[in-house]
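In this chain, numbering begins with 1 at the start of the sequence shown.
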Amino acid sequence: MEAAHPPVSGATLAVDSPERMQELGRRLAKLLRPGDLVMLTGELGAGKTTMTRGLGEGLGVRGAVTSPTFVIARVHPSLVGGPALVHVDAYRLGGGLDEMEDLDLDVSLPESVVVVEWGDGKVEELTDDRLHVLIHRVTGDTDDDRRTVVLRGIGDRWADEDLELF
């Protein structure tokens, strides 16, 4: 018997500047609620932290959102009575949920919005419902700020969300 696949929704957006990436984060924040897991995928310099900065602004959280590369995870409490933002950089972590369990993300997840950079193959088991954000940029020796952002909502939570934010 074949296993049922979770519903998938999605959108592809063109982003042409860091300011626009941050705006995308602010708009996306309006859709987020406690318990949401957002996975950000993209190479170095793609705009993952810039988008997360916009998410933090949109959620109204305390503290400057910066890359948590060396601390692995940062918690930004809400200033407006909403969910906290838990920002994780899994780049330096090995594969699998074992190392991620040390961060207690499963404890934070129900009441927070958890954003994980470099989470592919590491956090999918935390929940059946997640938003996967893939950021593609022009590569090579260029200062081109154009990005293609693919939003993929996975699971029932995202089945009816309109992800066309621009």
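- Under the salt bridge (charged side-chain N to carboxylate O under 4.0 Å, His left out) criterion, E161 pairs with R157, not counting sequence neighbours.
- D129 pairs by the side-chain hydrogen bond (donor to acceptor under 3.5 Å, both in side chains) definition with nothing, not counting sequence neighbours.
- For the pair R130 and E124, the salt-bridge criterion is not met [side-chain N within less than 4.0 Å of a carboxylate O].
- Qualifying side-chain hydrogen bond (donor to acceptor under 3.5 Å, both in side chains) partners for R146, counting only residues two or more places apart in sequence or in other chains: D144.
- Side-chain atoms of K48 come within 3.5 Å of backbone atoms of E43 as a donor-acceptor pair (strictly under, hydrogens ignored).
- Remark: R26 pairs with E23, E57 by the side-chain hydrogen bond (donor to acceptor under 3.5 Å, both in side chains) rule, at least two apart or across chains.
- For V65, the side chain to side chain contact (heavy atoms under 4.5 Å, CB included) criterion is met by T52, R53, H76, L85, H87, not counting sequence neighbours.
- Checking side-chain atoms of R147 against main-chain N and O of A46 turns up a donor-acceptor pair under 3.5 Å.
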Item to complete: Determine, step by step, whether L24 and L165 satisfy the side-chain contact (heavy atoms from CB on, under 4.5 Å) criterion, reporting the C-alpha distance in whole Å, the side-chain angles of both residues, the deciding distance to 0.1 Å, and the verdict.
Response: CA-CA 7 Å; L24 176 57; L165 301 174; 3.7 Å; yes
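- Taking a 6.0 Å sphere around CG of D120, one finds it holds more than 12 heavy atoms contributed by other residues, nucleotides or ligands.
- With hydrogens and angles ignored, the 3.5 Å screen pairs a side-chain donor or acceptor of S78 with a backbone N or O of V80.
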Worksheet entry | From CA spacing to verdict: side-chain contact (heavy atoms from CB on, under 4.5 Å), I135, T41 | CA-CA 6 Å; I135 305 171; T41 301; over 6 Å; no
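- With sequence neighbours left out, T148 forms a side-chain hydrogen bond (donor to acceptor under 3.5 Å, both in side chains) with no residue at all.
- Screening residues 112-132 for ring pair (Phe, Tyr, Trp, His ring centres under 6.0 Å) gives Y91-W118 as the qualifying pairs, with residues at least two apart or on separate chains.
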